[in-house]
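Heavy atoms only: backbone and side chains are in, while hydrogens, waters and symmetry mates are out.
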Amino acid sequence: MNSELSSLISAARSINEDAKTLFGNLSEAQLNWKPDAENWSVGQCLEHLIAAMSKGFPALESVVKGDYKPNIWAKLPFLPKFFGGQILQAILPENKKKQKAPSAFRPANSNVSPNIVGDFVANQQKLIELMEATQNVETDKIVISSPAASFITYTLFDAYKISVYHARRHFRQAQNVMKLDGFPS
C-alpha cells in the first residue's frame, strides 16, 4: 500500500471523528446559526462538503470497478499537475483567502437538517471506503475530472488530498462561526 495514501486515509478517518466531536452535540439552532446572509452556518459548511464529495463519487466508483474512462481533458499531460496544484493551494486550511464555491456545491439558503453531522459522517465514510478500495491502484497516474467542471483535471491522489484539505478548511470555518458573538449557547 502507498504510505501517502495510507496517511490520507488516516486523515479522512480523523475528520470523521472530529466531525462527531466538534459538531455532533450542536443543536439544530446552533447548526443553522450564521452571523449574516453572506456567511455560512456550521451546517451549511457540512452540507457543502457533502455536495462536493458526493459529486465526485461516480468517478471514484468507476476507478474502483476498473471501467473508468478519462475524458479528453484528462489526456492533456500538463493540466492535471497545473489544476491539482492550483486547487490544493487555494483550499489549504491555512489559506485565509475566501474562495467562492462552484454553484453546484453551494449549500441551500434554508436550514439544514438536524442530521447533517450524521449525513456528513456517512458521506465521509463512503469516501474512506473508496480510498481503501484504490490502495493497489496507481493513484498518482490516474487522472480524473473535477465534478465542478470537466476541463479541470487532477490525479486521483490529488483528488483525495483535495477532499481532506477541503474538509479541514471548512471545519476551521465552522469552528470560527462557533466563536462569534451571538452564536447560540
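- In this structure, I50 and I116 have side chains that are in contact, with non-hydrogen atoms separated by less than 4.5 Å.
- With contacts defined as side-chain heavy-atom distances shorter than 4.5 Å, the pair I9/R13 qualifies.
- Between F23 and F171, a ring centre-to-centre spacing shorter than 6.0 Å is recorded.
- Listed for the Q124 side chain is no donor-acceptor partner under 3.5 Å among the backbone atoms of N16.
- The heavy-atom pair separating Q173 from C45 by the smallest distance is CD-SG, 3.6 Å.
- The aromatic ring centres of Y160 and Y154 sit 6.0 Å or more apart.
- Looking at residues two or more places apart in sequence or on another chain, you find a ring pair (Phe, Tyr, Trp, His ring centres under 6.0 Å) between W33 and F183.
- For D36, the side chain to side chain donor-acceptor pair (under 3.5 Å) criterion is met by N39, not counting sequence neighbours.
- Contact detail for P184 and A29: the closest heavy-atom pair is CG-O, 4.0 Å.
- Listed for the S41 side chain is a donor-acceptor partner under 3.5 Å among the backbone atoms of L31.
- In this structure, the side chain of Y68 engages the main chain of V143 through a donor-acceptor pair within 3.5 Å.
- At distances below 3.5 Å, at least one donor-acceptor pair connects side-chain atoms of S10 with backbone N or O atoms of S6.
- Under the side chain to side chain donor-acceptor pair (under 3.5 Å) criterion, D18 pairs with R168, not counting sequence neighbours.
- Residues V42 and M178 form a side-chain contact, since some pair of their non-hydrogen atoms from C-beta on lies under 4.5 Å apart.
- Comment: K126 does not engage E129 in a salt bridge, judged by the lack of any side-chain N to carboxylate O separation of less than 4.0 angstrom.
- To the nearest 0.5 Å, atoms CD1 (I144) and CG (L60) are separated by 5.5 Å.
- Side-chain polar atoms of S113 and D119 form no donor-acceptor pair below 3.5 angstrom.
- The line from CE of M131 to CG of L5 is 5.5 Å long, rounded to the nearest 0.5 Å.
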Inset, instruction - Applying side chain to side chain contact (heavy atoms under 4.5 Å, CB included), run through N32 and E28 and close with a yes or a no. - result: CA-CA 6 Å; N32 284 294; E28 186 173 359; 3.6 Å; yes
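- To the nearest 0.5 Å, atom CE of residue M53 and atom CG of residue L130 are 11.0 Å apart.
- Summarising the geometry, atom CG belonging to L22 is positioned 11.0 Å from atom CD belonging to E17; distances are rounded to the nearest 0.5 Å.
- Between H170 and W40 there is a side-chain heavy-atom pair separated by less than 4.5 Å.
- Interatomic distance, Q44 CD to N111 CG, rounded to the nearest 0.5 Å: 8.5 Å.
- Across all non-hydrogen atoms, the minimal contact from A11 to V164 is CB-CG1, 3.8 Å.
- Using a 4.5 Å cut-off on side-chain heavy atoms (C-beta onward), L46 and V112 make no contact.
- Considering every non-hydrogen atom in both L180 and P35, the closest pair reads CD1-CG, 3.6 Å.
- Nearest heavy-atom pair across P58 and S54 is CD-O, 3.5 Å.
- Summarising the geometry of Q30 relative to S185, their closest heavy-atom pair is NE2-C, 3.8 Å, with the distance given to 0.1 Å.
- Within 6.0 Å of the CG atom in D67, the count of heavy atoms belonging to other residues, nucleotides or ligands exceeds 12.
- Side-chain N or O atoms of Q135 include one that pairs as donor or acceptor with a backbone N or O of E132 at under 3.5 Å.
- Residues T139 and T155 fail the side-chain proximity criterion, which asks for heavy atoms closer than 4.5 Å.
- Considering only heavy atoms from C-beta on, L26 stays 4.5 Å or farther from V117 through its side chain.
- Contact annotation: the side chain of F157 approaches that of K161 to within less than 4.5 Å [non-hydrogen atoms, C-beta and beyond].
- Here the CD atom belonging to E47 is positioned 11.5 Å from the CG atom belonging to N123, to the nearest 0.5 angstrom.
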